[in-house]
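Heads up, the thing below is written out as structure tokens.
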Amino acid sequence: MAAQEKQIADALQDIRAAKKSGALYISIAEQSEDLFRIYFKDGNIYHIRYGSALGKDCLELIEFYTLYSATWFDGITSPGNVTSSDLPPMDNIIADLRKIDKKLKVR
């Protein structure tokens, strides 16, 4: 399946609509060993991490990076089932990401 370019907000909306559980791993164009990892349960985000940043801090960082590609991993859970308790509601996350208009290649 070929990668399709779409806005990150649309990718999250698709996952939410399908009520998927798993993880979306996003590679960053700037040289980095870390992946931006977003964990979902029943279509809702419960944990985000990028390097040592967790939760809401990751959402604040994303606008400063160029997103490259994203791969979905069905059924993956966060290490140790960690959750980010400081995340805003999913609707707010999608709306905020839509404003910054970040695109990526989704597989």
Side-chain angles (χ1 to χ4, degrees):
M1 179 180 186
Q4 175 186 22
E5 187 172 274
K6 61 172 45 182
Q7 213 187 65
I8 186 173
D10 293 335
L12 298 184
Q13 185 65 47
D14 292 348
I15 293 167
R16 183 179 193 191
K19 297 185 181 214
K20 290 184 173 184
S21 294
L24 187 67
Y25 286 10
I26 301 171
S27 63
I28 306 296
E30 289 83 3
Q31 191 161 353
S32 173
E33 295 175 4
D34 296 313
L35 295 170
F36 197 92
R37 299 169 191 216
I38 305 173
Y39 298 92
F40 295 82
K41 182 172 182 177
D42 301 323
N44 288 301
I45 296 172
Y46 72 90
H47 184 57
I48 302 175
R49 74 176 302 133
Y50 178 65
S52 61
L54 303 172
K56 190 176 177 186
D57 289 344
C58 293
L59 294 174
E60 293 170 358
L61 290 172
I62 200 165
E63 72 178 289
F64 301 107
Y65 291 96
T66 305
L67 307 182
Y68 181 68
S69 67
T71 305
W72 174 257
F73 294 94
D74 201 41
I76 297 282
T77 59
S78 66
N81 283 322
V82 172
T83 62
S84 299
S85 60
D86 64 346
L87 291 174
M90 185 79 167
D91 288 336
N92 295 20
I93 293 171
I94 291 171
D96 289 346
L97 290 174
R98 196 168 303 288
K99 288 177 197 168
I100 62 172
D101 191 31
K102 294 284 185 173
K103 292 190 167 75
L104 47 76
K105 294 175 188 163
V106 180
R107 299 174 227 229

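Position 1 is the first residue of the sequence; numbering continues from there.
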Establish, from distance only, whether the side-chain atoms of H47 and T83 form a donor-acceptor pair under 3.5 Å. no
Salt bridge (charged side-chain N to carboxylate O under 4.0 Å, His left out) involving D96 - partner list, sequence neighbours excluded: K99
List in chain and number order the residues that pass salt bridge (charged side-chain N to carboxylate O under 4.0 Å, His left out) with D34, two or more places apart in sequence or in another chain; answer none if no residue qualifies. none
Considering residues at least two apart in sequence or located in another chain, which fulfil the side chain to side chain donor-acceptor pair (under 3.5 Å) criterion with Y46?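 None.
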Given side chains that start at C-beta, do those of [X] and [Y] come closer than 4.5 Å, heavy atoms only?
X: L35; Y: I26; result: no
X: F36; Y: I62; result: yes
X: L59; Y: P88; result: yes

Side-chain atoms of residues 6-22: list all donor-acceptor pairs with protein atoms under 3.5 Å, sequence neighbours left out, distances to 0.1 Å.
unit_1	atom_1	unit_2	atom_2	d
K6	NZ	D14	OD2	2.4
Q7	OE1	R98	NH1	3.2
Q7	NE2	D101	OD1	2.6
D10	OD1	R98	NH1	2.7
D10	OD1	R98	NH2	3.4
R16	NH1	D91	OD1	2.3
S21	OG	D42	N	2.8

Taking side chain to side chain contact (heavy atoms under 4.5 Å, CB included) as the definition, give me every residue that meets it alongside E30, ordered by chain and number, with sequence neighbours left out.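 Only I28, Y65, T66 meet the side chain to side chain contact (heavy atoms under 4.5 Å, CB included) criterion with E30.
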Could you pull out the closest heavy-atom pair between A53 and C58, with the gap in Å? O-SG, 3.2 Å
Using the rule that two of Ile, Leu, Val, Met, Phe, Trp, Tyr join whenever any of their side-chain heavy atoms come within less than 4.5 Å, decide whether [X] and [Y] are in one cluster.
X: M90; Y: Y39; answer: no
X: L67; Y: L61; answer: yes
X: Y50; Y: I45; answer: yes

L54 vs I48, test: side-chain contact (heavy atoms from CB on, under 4.5 Å). Steps then yes/no. CA-CA 6 Å; L54 303 172; I48 302 175; over 6 Å; no
Which pairs count as salt bridge (Lys or Arg N to Asp or Glu O under 4.0 Å) when at least one residue sits in residues 49-58, sequence neighbours excluded? none
Heavy atoms of other groups near K102 NZ, more than 12 under 6.0 Å: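 Atom NZ in K102 is packed in, count exceeds 12.
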Kindly list each side-chain donor-acceptor pair under 3.5 angstrom involving residues 68-80, sequence neighbours excluded, with atom names and distances?
unit_1	atom_1	unit_2	atom_2	d
S69	OG	S27	OG	3.0
S69	OG	R107	NH2	3.2
W72	NE1	D74	OD1	3.4
T77	OG1	N81	OD1	3.4
S78	OG	V82	N	2.9
S78	OG	V82	O	2.6

